[in-house]
Amino acid sequence: VDMECPGQGRAGSAPDLRDQVPDLIPYLLPGQRVIKVEHPRVAPPPRQDPSALRALMRLTGATRLADIGAHGACLAALARPENEQVEALRLFEGVFGRDSLHMGLVLHDRYPRLLEATLLQFAEIQGVRTNPASEEEPGRIAHWVLEPDNPIAREITALNQWDWPHYGTVDATPMFISGIAMVAGLEPGFLRTPYIDRDGRERTMWQSLAAALAWLEQRLAANAEGLLEFRMQQPRGISNQAWKDTPESYMRADGSYASHRQGIASVEVQAIACDSLLDAAALYRSAAAGPDRKHAGAAALRAADRFTERAERIRRGVLDAFWLQADRGRYFALGTDRDESRAL
């Protein structure tokens with residue numbers, strides 16, 4: 001018996017077995033079910049030493065190391081060739097914002113083309129409108145990229161009424177900002193790279209960066225503590241919109257679930273957001289001293305100061321709200337949430 005998290009399982013036709021396990025019912029989130037899962041038969045891996053490079057080349061569609069990044073962002077997962085017929089192992093054979101950007105960022109020194117291609121690909125599908133069915137918002141970076149006619153996408157849409165791409169993540173956008181700052185810090189011309197957005201308009205990476213920063217600043221301004229929160233907007237959406245995204249990832253000390261409907265600020269998300277603002281501030285200050293400083297210098301410096309101030313507010317907020325001194329020791333809390341009477 002297993003629990004299916006809405007939008008993260010594929011057993012849409014499986015019967016709900018909650019009546020057979022009443023003790024579990026108090027612990028289920030809204031929309032969750034209890035289902036029986038048949039474990040697939042998986043072929044053992046071939047007898048050869050594992051190779052991180054071979055895996056990276058498969059995930060990026062490269063036939064040689066020089067081609068890493070030539071085919072776009074890195075996939076989140078791939079079934080091994082001997083298990084390609086096992087449908088359950090192919091659920092995450094897609095592009096995920098958080099995963100792909102993380103790969104691009106950590107591998108940039110060795111494979112810079114991968115991060116550039118990842119940033120351009122996500123700029124092309126960056127949010128341009130507000131759509132609750134996909135959680136798309138202007139400037140927001142996508143979480144899960146699938147074509148609507150993909151079999152997995154069709155099944156999840158039938159179960160959860162999602163639109164695609166799906167934007168249910170809060171950390172991909174600041175990671176995108178840091179990625180642009182990393183590339184543009186070495187190659188300023190990257191900011192002038194053109195692309196076509198979801199509305200068919202030609203844009204540049206400068207404009208994509210500005211849209212991402214506007215989304216981040218709007219989210220921070222909407223929070224009383226100046227933190228970056230997430231909350232599920234859909235009845236059957238993604239409850240935890242950060243790296244730790246399983247339903248049990250955010251629990252209170254008494255064992256109850258954190259309030260997914262009111263907003264959760266995860267501690268590592270604050271670090272990512274703070275870093276992205278400082279990265280953007282450094283980039284804008286560099287731009288203020290560049291060739292266009294007569295026209296944009298003052299505005300860029302004001303924006304840089306604003307980003308720095310917001311980053312400092314996040315830093316102070318984490319130290320004030322997350323640092324705990326308990327009987328078991330001193331440590332940072334995993335996150336903060338709000339009770340039902342304190343909505344965003």
Side-chain angles (χ1 to χ4, degrees), residues 96-102 105 122 126-127 130 132 134-144 166-182 208-234 237-246 249-250 258-284 303-324 332-339 342-344:
F96 286 75
R98 179 188 310 119
D99 304 68
S100 298
L101 287 164
H102 177 75
L105 287 163
F122 278 98
Q126 186 174 23
T130 300
S134 65
E135 300 211 25
E136 178 181 357
E137 297 169 351
R140 194 175 193 179
I141 298 302
H143 168 56
W144 193 351
H166 200 274
Y167 293 77
T169 182
V170 76
D171 48 8
T173 307
M175 291 173 71
F176 179 81
I177 293 169
S178 289
I180 292 182
M182 180 179 288
S208 179
L209 172 63
L213 282 163
W215 179 89
L216 178 57
E217 287 198 278
Q218 183 177 15
R219 280 294 188 103
L220 294 171
N223 180 269
E225 292 79 29
L227 301 174
L228 181 57
E229 284 187 335
F230 61 79
R231 60 172 172 167
M232 185 167 60
Q233 298 181 17
Q234 301 168 280
I238 299 175
S239 54
N240 292 322
Q241 300 188 358
W243 173 59
K244 300 180 291 296
D245 58 1
T246 57
S249 293
Y250 297 90
S259 180
H260 300 85
R261 296 293 181 185
Q262 302 300 338
I264 295 174
S266 186
V267 66
E268 87 283 357
V269 168
Q270 310 317 308
I272 294 170
C274 183
D275 284 347
S276 72
L277 288 165
L278 293 176
D279 292 341
L283 180 63
Y284 272 58
D305 290 343
R306 190 174 69 248
F307 301 151
T308 303
E309 290 170 3
R310 290 198 182 279
E312 175 59 21
R313 188 177 182 192
I314 292 174
R315 189 190 70 85
R316 291 197 308 267
V318 169
L319 293 175
D320 291 344
F322 289 72
W323 183 246
L324 303 178
F332 284 103
L334 183 63
T336 64
D337 73 341
R338 303 175 183 276
D339 62 33
R342 295 182 63 205
L344 287 175

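Just the heavy atoms: all of them, side chains too, but no hydrogens, waters or symmetry mates, feed the values below. Keep in mind the model is a prediction, meaning the values are calculated, not measured.
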side-chain contact (heavy atoms from CB on, under 4.5 Å) assessment of Asp171 paired with Leu101:
CA-CA 10 Å; Asp171 48 8; Leu101 287 164; over 6 Å; no
Examine the side chains of Ser178 and Asp275 and answer whether a donor and an acceptor come within less than 3.5 Å of each other.
no
pair Met182-Leu105: side-chain heavy atoms closer than 4.5 Å:
yes
Drop me the distance from Phe322's CZ to Phe332's CZ, to the nearest 0.5 angstrom.
9.5 Å
Kindly indicate whether the side chain of Ser208, heavy atoms from C-beta on, has any atom under 4.5 Å from the side chain of Phe176.
yes
When you compare the side chain of Pro138 with that of Thr130, does any pair of heavy atoms fall below 4.5 Å?
yes
Tyr284 and Ala304: which non-hydrogen atoms are nearest, and at how many Å?
CB-CB, 4.0 Å
Stepwise salt bridge (Lys or Arg N to Asp or Glu O under 4.0 Å) check, Arg316 with Glu312:
CA-CA 6 Å; Arg316 291 197 308 267; Glu312 175 59 21; 3.7 Å; yes
Going by heavy atoms in the side chains, are Gln270 and Leu228 under 4.5 Å from each other?
yes
Heavy-atom side-chain proximity of Trp215 to Ile177 below 4.5 angstrom:
no
Do the side-chain N and O atoms of Glu268 and Trp243 include a donor-acceptor pair separated by under 3.5 angstrom?
no
Among Gln241, Arg219, Arg338, side-chain hydrogen bond (donor to acceptor under 3.5 Å, both in side chains) partner for Glu229
Arg338
Between Leu227 and Val269, is a side-chain contact (heavy atoms from CB on, under 4.5 Å) present by the stated rule, with each step listed?
CA-CA 9 Å; Leu227 301 174; Val269 168; over 6 Å; no
Would you say that Met175 contacts Ile272 through its side chain, given a criterion of any heavy-atom pair below 4.5 Å between the two side chains?
yes
Keeping Arg140 on the side-chain end and Glu135 on the backbone end, is there a donor-acceptor pair under 3.5 Å?
yes
Donor-acceptor check, side chain of Ser100 to backbone of Gly97, threshold 3.5 angstrom: yes or no?
no
Donor-acceptor check, side chain of Asp245 to backbone of Asn240, threshold 3.5 angstrom: yes or no?
no
Whether the side chain of Thr173 engages the backbone of Ile141 through a donor-acceptor N/O pair (distance < 3.5 Å, no angle test) should be reported.
yes
Minimum heavy-atom separation for Gly127 and Tyr167, please, with both atom names.
N-CE2, 3.7 Å
Measure across Ala242 and Phe230 and return the closest heavy-atom pair with its distance rounded to 0.1 Å.
CB-CE2, 4.0 Å
Using side-chain heavy atoms (C-beta onward) and a distance below 4.5 Å, is Leu277 in contact with Leu216?
yes
Asn223 side chain to Glu225 backbone, donor-acceptor under 3.5 Å
yes
Identify the heavy atoms of Gln126 and Ala211 that sit nearest to each other, and give their distance.
NE2-CB, 3.8 Å
Would Glu309 and Arg306 count as a salt bridge (Lys or Arg N to Asp or Glu O under 4.0 Å) if you check the C-alpha gap in whole Å, the side-chain angles of each, and the deciding distance to 0.1 Å?
CA-CA 5 Å; Glu309 290 170 3; Arg306 190 174 69 248; over 6 Å; no
What heavy-atom pair brings Ile264 and Ala258 nearest, and what distance separates the two atoms?
CD1-CB, 3.6 Å
Can you tell me how far apart CZ (Arg310) and SG (Cys274) are? Round to the nearest 0.5 Å.
13.0 Å
Interatomic distance, Ser259 atom OG to Met232 atom CE [nearest 0.5 angstrom]
9.5 Å
Would you say that Phe307 contacts Leu213 through its side chain, given a criterion of any heavy-atom pair below 4.5 Å between the two side chains?
yes
Before you tell me yes or no, could you show the steps for Tyr250 and Asp337 under side-chain contact (heavy atoms from CB on, under 4.5 Å), namely the whole-Å CA-CA distance, both residues' side-chain angles and the distance that decides it to 0.1 Å?
CA-CA 9 Å; Tyr250 297 90; Asp337 73 341; over 6 Å; no
Donor + acceptor pair across side chains of Thr169, Arg98 (<3.5 Å)
yes
For a quick test of reading the model, state the closest non-hydrogen atom pair linking Thr336 to Ala321 and the distance between them.
CG2-O, 4.3 Å
